[in-house]
Amino acid sequence: MCGIVGYIGNSKASEVLLKGLSYLEYRGYDSSGVALMAKNKIEIFKAPGKLNNLRDVLSSVQDICNKSTCGIGHIRWATHGLPTELNAHPHTCNCGSLVVVHNGIIENYKELKAELEKCGCEFKSQTDSEVAAHLIAHEFSKCKDLLKAMTSAVKKINGAYAFCAMHRTLPDRIIVARKNAPLIIGVGEGENFIASDIPAIIEYTKKAIYLNDNQVAEVKKDSIKITDLNGKILENKVEMLPFEPVALSKMGYKHYMLKEIHEQSDVARNVLSGKLKDSKSQITLQDVKLSENEIKNIKRIQIIACGTSLHAGLVGKYILEKFAKIPTDVEASSEYIYRDTIADNNTLVIGISQSGETADTITAIKQVKEKGSHVVIITNRPDSTMARLADSLLPVNAGIEVSVAATKSYMAQLLSLYLLTMFITQKINPETIKDKEIISLKQELLELPNKIETVTNDTEKIKAVAKKYSSFKDFIFIARGINYPTSLEGALKLKEISYINATGYSAGELKHGPIAMLDETMPVLAILNKGLVYDKVMSNCEEAKARQAKLIGVSNFIDKKHKDLFDDVLLIPDISDTLSPALNIVVLQLLAYYIAEYLGKDVDQPRNLAKSVTVE
Ligand code: F6R
């Protein structure tokens with residue numbers, strides 16, 4: 001949440017900052033701003049709304065932009081205060097000499113604000129972040145050393161932060177600090193960069209220093225000094241960044257989301273490549289550092305994640321319990337962290353996160369590590385904070401996902417969970433390599449990319465259904481068994497990008513309450529896979545039909561009963577119940593996409609959301 005960029009060197013700071021912020025738009029996009037070091041003063045420019053508004057503001061002050069070679073920038077996802085120009089960062093102290101941008105939440109901002117007001121500080125915004133500007137300035141007035149002032153200030157702050165600050169009287173430096181929010185320092189030749197994430201600076205440098213929690217740094221154009229909170233000088237290593245400069249392109253698709261949905265067949269090939277050779281071979285997961293003995297000692301598994309990643313985890317529970325026979329709990333990280341959870345060194349914890357930076361999941365992972373559990377992280381960002389905390393890493397290699405609504409990363413997480421399940425199962429009992437169901441699942445996994453292509457290559461029926469139902473205000477998605485999480489994920493996709501009220505529900509639970517809402521105004525989408533629960537779901541659909549609900553089915557086979565019962569059926573290629581979540585979800589993603597697109601919504605950047613949720 002929120003993106004930070006900083007630059008000090010010989011180039012035009014405004015250009016570096018704007019470009020950097022454009023690569024951080026996935027972190028928030030409700031307002032933005034920059035502070036540029038000018039002669040004897042700091043100039044601040046802000047704009048509410050998308051980054052283009054700031055671009056317009058800066059284009060009208062070219063004389064200032066042409067001269068400034070040092071500055072800091074911010075793109076905001078509002079936590080405290082509306083997304084207005086006043087609340088946009090950078091924030092300043094009373095006299096405007098000190099500016100700061102902040103990512104995170106200052107939990108004790110009210111107490112700090114009250115104290116600072118007593119000292120004469122006047123607050124202009126409703127943000128928690130403005131406290132930092134006044135506090136650092138207050139500390140600076142005592143010591144006239146910006147690094148020391150930042151250090152003293154962060155010692156008084158509770159919460160999460162990445163800060164970037166400048167002072168008018170010290171035009172040769174930017175001071176940064178970090179705790180529980182990502183921040184990297186890009187190392188250049190005669191210039192240095194600061195950013196919340198790699199894409200913002202990768203075009204300029206491939207070398208960076210990862211700032212750790214409770215570290216502060218003074219960044220000048222040809223030097224970087226890092227200290228701990230006691231002022232001790234530290235030597236963080238310079239690392240090579242794992243990305244090539246990203247040429248972000250929609251490749252002819254109208255939206256990134258549509259492109260990313262279509263990329264899923266290749267993502268599936270990537271995930272399986274090198275790990276699953278053929279249906280009779282063992283699964284190879286090089287970075288899973290669990291010995292056979294350790295795996296045999298696992299008494300329980302806990303999967304911790306949020307949002308879409310949590311839904312992938314729910315599918316994981318079904319397969320882990322089915323094949324590995326280990327009791328598995330799945331829990332939203334935000335619920336996991338504030339109760340007495342039971343985990344020990346016989347608990348395997350699987351953290352799932354596209355970004356690897358989700359604050360709730362990071363906190364949960366830190367807690368279980370203290371209890372001695374082995375932590376496997378499934379992430380699309382092997383360079384992330386979570387990956388750095390992992391005992392074992394399963395990078396999913398889905399490629400950078402730009403659209404805020406997760407699609408291809410979900411596919412990659414799902415398939416990684418299938419691989420991990422079979423890996424654990426084969427370690428517990430090597431004989432399962434001959435198990436018919438496992439052989440057949442492996443074979444199906446190998447065939448999956450082509451089946452995904454069959455769905456994405458023929459979207460006419462999905463488009464037609466999307467158009468037909470786009471005017472409905474409420475939806476309910478139902479399924480049972482392993483596709484229950486698919487119903488949750490399908491409903492989440494629809495509400496995120498179309499703002500239609502969509503709920504995922506276990507089909508069997510419908511009659512225990514939600515059926516009260518059903519009538520002709522609330523369509524029911526049911527997942528109808530051939531298998532154990534098919535007849536049960538069909539009965540639940542009959543019950544919905546009897547309340548005059550419109551019914552849409554997603555099915556992997558043609559049943560003559562469908563014609564009488566359903567208003568529309570979307571067919572997918574035949575697939576086992578066990579692997580069907582990986583194919584059903586593609587239909588639901590496309591349906592959500594086309595409904596949102598039909599309604600003219602901002603598909604890639606839906607309102608109120610951000611791709612990386614770095615606040616609890
Ligand atoms: C939905 C979506 C979110 C994320 C959630 C967790 O499309 O993207 O629900 O899944 O914020 O994020 P990660 O996976 O980065 O931990």
Side-chain angles (χ1 to χ4, degrees), residues 1-3 24 26-29 77 180-182 196-197 255-258 260-261 264 303-316 330-337 349-366 375-390 394-396 398-414 416-417 485-486 488-499 502 504 585-586 588-593 596 601-616:
M1 314 236 122
C2 299
L24 297 181
Y26 73 88
R27 302 180 70 84
Y29 34 76
W77 183 86
N180 292 337
S196 302
D197 197 3
H255 294 102
Y256 283 110
M257 181 176 178
L258 188 59
E260 287 159 4
I261 292 173
Q264 290 180 112
I303 302 181
I304 314 171
C306 302
T308 289
S309 302
L310 178 68
H311 298 155
L314 286 167
V315 176
V330 187
E331 198 160 337
S333 320
S334 53
E335 290 301 321
Y336 187 89
I337 50 189
V349 174
I350 304 174
I352 311 175
S353 174
Q354 182 281 128
S355 63
E357 298 294 348
T358 301
D360 290 314
T361 310
I362 291 175
T363 308
I365 298 303
K366 285 181 179 165
V375 175
V376 178
I377 296 290
I378 298 180
T379 183
N380 199 26
R381 294 295 302 269
D383 54 308
S384 61
T385 305
M386 243 181 262
R388 285 160 187 267
L389 289 170
L394 239 142
V396 302
I400 201 132
E401 190 175 62
V402 177
S403 188
V404 165
T407 53
K408 63 175 180 172
S409 60
Y410 178 71
M411 176 66 69
Q413 291 168 349
L414 273 188
S416 300
L417 282 162
T486 315
L488 300 177
E489 175 58 11
L492 178 65
K493 286 289 91 84
L494 184 59
K495 65 186 149 205
E496 276 183 300
I497 59 169
S498 71
Y499 321 140
I585 193 57
V586 182
L588 302 191
Q589 292 165 344
L590 284 164
L591 187 66
Y593 171 79
K601 302 295 184 204
D602 189 350
V603 173
D604 284 333
Q605 294 185 337
R607 70 182 183 204
N608 304 340
L609 296 180
K611 192 147 189 73
S612 183
V613 185
T614 55
V615 292
E616 283 184 18

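All ligand and atom numbering here is 1-based and tracks the order in the structure.
Under a 4.0 Å heavy-atom criterion, Val404 is in contact with ligand 1. Put simply, part of Lys493 is less than 4.0 Å from ligand 1, judged by heavy atoms.
With respect to atom 5 (C) of ligand 1, the closest heavy atom belonging to the protein is Cys306 O, 3.7 Å. For atom 10 (O) of ligand 1, the closest heavy atom belonging to the protein is Thr308 N, 3.0 Å. Protein heavy atom at the shortest distance from atom 11 (O) of ligand 1 is Val613 CG2, 3.8 Å. The closest protein non-hydrogen atom to atom 1 (C) of ligand 1 is Glu496 OE2, 2.8 Å.
Each of the atoms 13 (P), 14 (O), 15 (O), 16 (O) of ligand 1 lies under 4.0 Å from some heavy atom of Ser353. Annotation for ligand 1: atoms under 4.0 Å from non-hydrogen atoms of Ala405 are 7 (O). In the vicinity of Ser309, heavy-atom distances shorter than 4.0 Å reach the ligand 1 atoms 10 (O), 13 (P), 14 (O).
In this comparison of Thr358, Asn380, Ile497, Asp360, the heavy atom closest to atom 16 (O) of ligand 1 sits on Thr358.
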inquiry  = Please determine whether side chain to side chain donor-acceptor pair (under 3.5 Å) holds for the pair Ser384 and Glu357, giving the CA-CA distance in whole Å, both sets of side-chain angles, and the decisive distance to 0.1 Å.
reply    = CA-CA 6 Å; Ser384 61; Glu357 298 294 348; 4.9 Å; no
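Of all the heavy atoms in Gly504 and Ala491, the pair that sits closest is N-CB, 3.4 Å. The two atoms that bring Asn380 and Gly399 nearest to each other are ND2-O, 2.9 Å, heavy atoms only. Pairing each heavy atom of Glu260 with each of Val402, the nearest pair is OE2-N, 2.7 Å. For the pair Thr361 and Ile304, the tightest heavy-atom approach, listed with the atom from each and the gap, is CG2-O, 3.9 Å.
Considering both main-chain and side-chain atoms, Gly307 never comes within under 3.5 Å of ligand 1 through any nitrogen or oxygen pair. The distance criterion of under 3.5 Å between nitrogen or oxygen atoms is met by Ser355 with respect to ligand 1.
Checking Gln413, Glu489, Lys493 one by one against His311, the side-chain hydrogen bond (donor to acceptor under 3.5 Å, both in side chains) holds for a single residue, Glu489.
In this structure a side-chain-to-backbone donor-acceptor pair under 3.5 Å is present from Glu401 to Lys408. Judged by distance alone, with hydrogens and angles left aside, the side-chain atoms of Tyr410 form no donor-acceptor pair with the main-chain N or O of Ile585 at under 3.5 Å.
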